[in-house]
Amino acid sequence: QVQLVESGGGLVQPGGSLRLSCVASGFTFGSYIMAWFRQAPGNQREYVAHITTSGDTNYRDSVRGRFTISRDNSKNTVYLQLDSLKPEDTAVYYCNAGPSTYVVVTSGGNYWGRGTQVTVSS
């Protein structure tokens, strides 16, 4: 049974930081592209960042330089470090996994977590 379980969300002031984690099980973690998406109220879910099996990363323009994605294959875990947070980063953040970079980036891969709420507010 595939599971992606996110944690680390919360309420933070503008300029603050959070570290999201996603623990995976039920599939060969090291063979999958891992990604983070987010969905703000009233908006469609959008791609945030991904990391390939070899560790290559990419980000949407609005978070590049502020967010950092990483993975630890020994722990079946992918992380998203969120720094210099802005109110517009407020959203539910979802972990995602898929075997194809193109599919993950354009629409999301096979597997989704349930999400963790990030709220940036003073």
Side-chain angles (χ1 to χ4, degrees):
Q1 178 183 357
V2 172
Q3 279 194 309
L4 295 174
V5 181
E6 303 98 334
S7 62
L11 173 63
V12 62
Q13 292 186 342
S17 297
L18 285 172
R19 189 193 197 202
L20 308 184
S21 299
C22 170
V23 179
S25 60
F27 63 98
T28 307
F29 179 81
S31 299
Y32 275 69
I33 314 300
M34 298 301 299
W36 288 92
F37 286 71
R38 67 186 181 185
Q39 186 168 18
N43 290 359
Q44 290 188 335
R45 188 152 49 187
E46 63 184 21
Y47 163 88
V48 175
H50 80 274
I51 183 165
T52 68
T53 57
S54 58
D56 294 330
T57 61
N58 204 5
Y59 303 86
R60 69 179 299 107
D61 287 346
S62 62
V63 308
R64 187 173 288 114
R66 300 188 297 120
F67 291 6
T68 304
I69 189 170
S70 61
R71 65 191 297 162
D72 185 339
N73 290 345
S74 69
K75 297 181 179 179
N76 283 8
T77 302
V78 61
Y79 304 97
L80 187 67
Q81 178 69 37
L82 291 67
D83 296 319
S84 302
L85 281 161
K86 304 176 181 180
E88 51 264 42
D89 295 318
T90 296
V92 178
Y93 283 71
Y94 296 91
C95 181
N96 178 257
S100 160
T101 300
Y102 176 78
V103 171
V104 166
V105 171
T106 57
S107 61
N110 314 46
Y111 308 131
W112 291 92
R114 293 188 174 184
T116 185
Q117 175 71 47
V118 172
T119 303
V120 185
S121 175
S122 54

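If you read the sequence from its start, that first residue is 1, and numbering goes on from there.
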Are [Y] and [X] co-members of a hydrophobic cluster defined by side-chain heavy atoms under 4.5 Å apart?
X	Y	result
V118	Y59	yes
W112	V105	yes
L80	Y111	yes
Y94	V48	no

(request) State whether F29 and R71 meet the cation-pi test: NZ (Lys) or CZ (Arg) under 6.0 Å from the six-membered ring centroid, and within 45° of the perpendicular axis. (result)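 Yes, cation above the ring, under 6.0 Å and within 45°.
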[atom1] of [X] to [atom2] of [Y]: how many Å apart, nearest 0.5 Å?
X	Y	atom1	atom2	result
S7	Y93	OG	OH	15.0 Å
Q3	F27	CD	CZ	10.5 Å
R66	Q81	CZ	CD	12.0 Å
L20	W36	CG	CH2	4.5 Å
T101	I33	OG1	CD1	3.5 Å

Please tell me if the side chains of [X] and [Y] come closer than 4.5 Å, counting only heavy atoms from C-beta onward.
X	Y	value
N96	L4	no
S31	P99	no
Y79	R19	yes
I51	V78	yes
S121	L11	yes
Q13	L85	no

(request) Using a strict cut-off of less than 4.0 Å between a Lys/Arg side-chain nitrogen and an Asp/Glu carboxylate oxygen, indicate whether D89 and K86 qualify as a salt bridge. (result)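 A salt bridge is absent here (no side-chain N lies under 4.0 Å from a carboxylate O).
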(message) Strictly below 4.0 Å, N to O, side chains only: are R38 and E46 in salt-bridge contact?
(response)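 Salt bridge present between R38 and E46.
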(request) State, to 0.1 Å, how close Q117 and A91 come at their nearest heavy-atom pair, and which atoms those are. (result)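 So the minimum-distance heavy-atom pair works out to NE2-O, 3.4 Å.
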(message) I need the minimum non-hydrogen distance between T77 and S21, along with the two atoms involved.
(response)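 What the structure gives for the nearest pair is CG2-CB, 4.4 Å.
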(request) Give me the ring orientation class for Y47 and F37: parallel if the planes are under 30° apart, tilted from 30 to 60°, perpendicular past 60°. (result)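 Aromatic pair Y47/F37 classed perpendicular.
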(request) Decide if atom CZ of R114 counts as having more than 12 heavy atoms of other residues, nucleotides or ligands within a radius under 6.0 Å. (result)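 Count not over threshold, so no.
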(request) Report, as yes or no, whether the 6.0 Å neighbourhood of atom CD on Q44 holds more than 12 heavy atoms from other residues, nucleotides or ligands. (result)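 No, CD of Q44 has 12 or fewer neighbouring heavy atoms, counting only those of other groups under 6.0 Å.
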(request) Run the numbers on H50 and D56 for side-chain contact (heavy atoms from CB on, under 4.5 Å), then give the verdict. (result) CA-CA 8 Å; H50 80 274; D56 294 330; over 6 Å; no
Under a 3.5 Å distance rule, please check whether [X] uses its side chain to pair with a backbone N or O of [Y] as donor and acceptor.
X	Y	result
Y32	N110	no
E6	G115	yes
T90	V120	yes

(request) Show your working on side chain to side chain donor-acceptor pair (under 3.5 Å) between T52 and S54 and close with a plain yes or no. (result) CA-CA 5 Å; T52 68; S54 58; 3.1 Å; yes
(message) Assess the residue pair S25 and N76 against the criterion (side-chain contact (heavy atoms from CB on, under 4.5 Å)); give the C-alpha distance rounded to whole Å, side-chain angles, the decisive distance to 0.1 Å, and a yes or no.
(response) CA-CA 7 Å; S25 60; N76 283 8; 5.6 Å; no
